Every structure is written in structure tokens, then in C-alpha cells.
Amino acid sequence: MTHYRITSLRIGELHLPHGAGIMRDPIHCWLVRGDGVNILVDSGMAEVATITKRLKVQGARGGHRALREELAKEGLAPEDIHYVVLTHLHFDHADNLDLFPGACVVVQRAELLAAIDPVPSQRIYYWRSTIDNLMARKKPLQLRLLEGDADLLPGFRLLSVPSHTEGMQVPVISTEKGLAAIASDLGDHYRYWFPDDPRATDRPQRSLVGAFLTGNIRSESERVWQAAMRRVLDNSDIVIPAHDFRIPVQVPEQWFAIPESTEGDIAHHPFETETP
């Protein structure tokens, strides 16, 4: 079986209202390499100025320049990407597709339909620019629409897990140390996966032993979402959440199911403490 290396690319941040304060939300894409194939999981957010204009949300970086810079650190250009796998089509995960006209974009058919006709609470998260890009692509070379679980390549499996969105999918990727799941927004922080563990959260909840926290942006019921998270854990050795500052940068070199502690969990720290 092919073994892959995964590199987490942080292309920006969003600074989101949270209670009486601001939460820092890191935006990641993931570069997956193996057997001469370069795969990008999620294509990230637009330039923050565009997001601020549309959503009145502040942040840093994003867009073509940031994505090019992060790929260049790995010795690659957008033209070197063979596949773009989209976990879902929300604006912070599926922008910048115009950088990859020669790549094959892989997404669940149900997610494309959800983007065209979303549940009302998610209308703001699906952007027309993403839909237009996908609709203009020619199948099968530029676009592959999946219906359920699929093996994209040997050692690279996609699990269909409706939850956060109707067409959510999670890549489960073979590495030399085991199977790594890029969980994206199925559980975008370690505290959602391990809500009773003090290493994952500074507010562990004993009542959630053996269960998960689920998000409030959802298309499915809590029971369906819980089952989706259980299914991903049952089919992988570690999960990589989308918006946690503590995720491994190089996999399998950095390999852990749960971070050592909450140190580095800076979502609620003043954003002047770190240069994005």
C-alpha cells in the first residue's frame, strides 16, 4: 500500500466574535504527497480583505498569495497539484480553486447540491464563486463527483460523513505510522473529539466520556453527527482537526492522537501574540 506524507499549510486566520471576545480561527490546507502524486486537501479561504467586505469579519492573509507562499515552502507551485480534495464547500475551505485549472477537484455530489440549495442557516457559508468554478469544470479530468465512500488512490480513502454539511467527506490517509484522518470541520478542534480529556481542553466534561462534542453549524441531527465522528475514529489512528493551532505540521514525523497539553491552544489569546 502507498504511504503518504501530510503537511499542514496554515494560509491565514479569521478573527471571529465569540461571546464577549474574539476567537482566532486558523485556516489550513493539507498537502499530501506519495508516489509522485501531489494532493491538496481543501483550498482554503479568500484574501481576508474579501471576507471582511462580505462578512464583516477580520483576519489575516488568505487568498492566492498565501496559498502560493505555503506551497513554495514545500518546493511546489499550484501547477504541481494533481488533485484538490474538498472536505466540503464552505468559503474557508473551498476558495482559490481558480489556482488549479489543471487539477481534478474531488467532492461529494451531495455537497455540490447542498451548495446550490443549502439549508437556510448555511446560505452565508457557500459562495457563488466556488459553485461557478466547479460547474465550469469538465468531467472527469477536472471534476470528480463522488456518491459515498470511495478510494481515490491506493492508501487514500474518502469517508462520506454527512454532519456539518450534507456532503461532508473525510480523507483517511495511509502513512508509515498508521491512518491519519483529516477531520476538517467534522470536529474542528481537539476538544470536540476528546471533550473529557484535560490535554484537549481546559474545560473537560466527565459527562462526555465515550462521546463527542458536536458543532452548532450542522445539516444533520446530533445523533447522526456523533455516529459520523465514531465512524472516523473507528477507521483511523489519529484525527487532524481543521481549526486547532496544535495540529501536527508534518505527518508522520509528528504523530499524536491528543496534544500533550492545552499549551499552544491560543484560539482565545490576543492575536498580537503571534504573527500569522
Side-chain angles (χ1 to χ4, degrees), residues 8-30 42 44-63 66 70 87-88 90-93 95 121-122 124-125 163-165 168 181-209 211-218 222 225-226 229 232-233 238-251 254 256-276:
S8 299
L9 309 177
R10 187 182 301 171
I11 70 162
E13 287 187 10
L14 293 176
H15 302 154
L16 306 174
H18 185 83
I22 296 292
M23 179 177 70
R24 299 174 61 183
D25 212 30
I27 305 301
H28 292 101
C29 307
W30 293 270
D42 286 349
M45 71 180 194
E47 192 174 71
V48 75
T50 300
I51 295 173
T52 301
K53 182 177 180 180
R54 294 191 62 167
L55 301 179
K56 313 303 181 189
V57 170
Q58 302 294 322
R61 298 185 75 208
E70 295 306 312
T87 60
H88 61 302
H90 284 180
F91 74 92
D92 55 333
H93 291 261
D95 210 282
S121 62
Q122 296 200 29
I124 195 173
Y125 302 118
S163 48
H164 178 59
T165 69
M168 188 80 188
I182 299 179
S184 185
D185 286 355
L186 177 63
D188 63 14
H189 194 285
Y190 284 108
R191 66 177 177 270
Y192 289 95
W193 294 93
F194 311 103
D196 63 309
D197 196 308
R199 294 170 296 176
T201 173
D202 58 5
R203 296 181 179 178
Q205 300 181 55
R206 293 179 60 189
S207 64
L208 291 176
V209 173
F212 311 99
L213 278 177
T214 54
N216 56 8
I217 301 172
R218 64 176 66 175
E222 180 175 354
W225 194 323
Q226 290 272 334
M229 295 179 80
V232 168
L233 277 191
I238 64 170
V239 294
I240 303 174
H243 300 299
D244 197 304
F245 280 98
R246 298 169 294 170
I247 66 172
V249 174
Q250 300 288 348
V251 177
Q254 295 170 283
F256 52 86
I258 307 175
E260 293 183 359
S261 72
T262 57
E263 185 178 353
D265 186 7
I266 59 174
H268 298 287
H269 288 205
F271 39 78
E272 290 83 5
T273 60
E274 180 182 280
T275 301

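Small disclaimer: the values here were computed from a predicted structure and weren't measured.
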Checklist entry - How would you list, by chain and number, every residue that makes a side chain to side chain donor-acceptor pair (under 3.5 Å) with S163, sequence neighbours excluded? => result none
Checklist outcome for this item: Contacts satisfying salt bridge (charged side-chain N to carboxylate O under 4.0 Å, His left out) that involve residues 47-58 (not counting sequence neighbours) are none
Next on the checklist: Once rounded to the nearest 0.5 Å, what's the spacing between atom CD1 of I240 and atom CZ of F256?
Outcome noted: 8.5 Å
Checklist entry - Looking only at heavy atoms, which two atoms of G12 and M45 are closest? And how far apart? => result CA-CE, 4.1 Å
Next on the checklist: Less than 4.5 Å apart, side chain to side chain, heavy atoms only: is that true for V232 and L186?
Outcome noted: yes
Checklist entry - Shortest non-hydrogen contact from S8 to H28? => result CB-CD2, 4.5 Å
Item to check | V251 and W30, any side-chain heavy atoms less than 4.5 Å apart | outcome: no
Item to check | Trace of the side chain to side chain contact (heavy atoms under 4.5 Å, CB included) decision for I27 with E13 | outcome: CA-CA 5 Å; I27 305 301; E13 287 187 10; 5.8 Å; no
Checklist entry - Considering residues at least two apart in sequence or located in another chain, which fulfil the salt bridge (charged side-chain N to carboxylate O under 4.0 Å, His left out) criterion with D25? => result none
Checklist entry - Does a donor on one side chain sit under 3.5 Å from an acceptor on the other, for H88 and D42? => result no
Checklist entry - Short question: side chain of R246, backbone of S261 - any donor-acceptor pair under 3.5 Å? => result yes
Item to check | Contacts of type side chain to side chain contact (heavy atoms under 4.5 Å, CB included), residue E222, not counting sequence neighbours | outcome: T214, R218, Q226
Item to check | All side chain to side chain donor-acceptor pair (under 3.5 Å) counterparts of Q250, not counting sequence neighbours | outcome: R5, T7
Checklist entry - Listed by chain and number, what are the side chain to side chain contact (heavy atoms under 4.5 Å, CB included) partners of D95, not counting sequence neighbours? => result A46, W127, S129
Checklist entry - So do the side chains of I258 and R199 get within less than 4.5 Å of each other, counting heavy atoms only? => result yes
Next on the checklist: Do S184 and H93 make a side-chain contact, defined as non-hydrogen atoms from C-beta onward lying under 4.5 Å apart?
Outcome noted: yes
Checklist outcome for this item: The reported gap from OG1 in T165 to CG in D185 (rounded to nearest 0.5 angstrom) is 8.5 Å
For a quick test of your reading: what N or O donor-acceptor pairs under 3.5 Å do the side chains of residues 188-195 make, sequence neighbours left out?
from, atom 1, to, atom 2, distance (Å)
H189, ND1, R191, N, 3.1
H189, ND1, R191, NH1, 3.3
H189, ND1, D244, OD2, 3.1
H189, NE2, R191, NH1, 3.0
H189, NE2, D244, OD2, 3.2
H189, NE2, D265, OD1, 3.0
H189, NE2, D265, OD2, 3.3
W193, NE1, G187, O, 2.9

Next on the checklist: One pair to check against side chain to side chain contact (heavy atoms under 4.5 Å, CB included): H268 and H18. What are the steps and the verdict?
Outcome noted: CA-CA 9 Å; H268 298 287; H18 185 83; 3.2 Å; yes
Checklist entry - Picking from L55, I22, I51, what satisfies side chain to side chain contact (heavy atoms under 4.5 Å, CB included) with L14? => result I51
Item to check | Side-chain touch H15/M23, heavy atoms, less than 4.5 angstrom | outcome: no
Next on the checklist: List the residues meeting side chain to side chain donor-acceptor pair (under 3.5 Å) with T201, not counting sequence neighbours, and say none if there are none.
Outcome noted: none
Item to check | From CG (L16) to CD (Q58), nearest 0.5 Å | outcome: 11.0 Å
Checklist entry - Of all residues at least two apart in sequence or in a different chain, which pass the side chain to side chain donor-acceptor pair (under 3.5 Å) check with W225? => result none
Item to check | Partner residues of I217 under the side chain to side chain contact (heavy atoms under 4.5 Å, CB included) criterion, sequence neighbours left out | outcome: H90, Q122, Y125, H164
Item to check | Spacing of D197 atom CG and T262 atom OG1 [to the nearest 0.5 Å] | outcome: 10.5 Å
Item to check | Set of residues satisfying side chain to side chain contact (heavy atoms under 4.5 Å, CB included) with respect to A66, sequence neighbours excluded | outcome: I11, R61
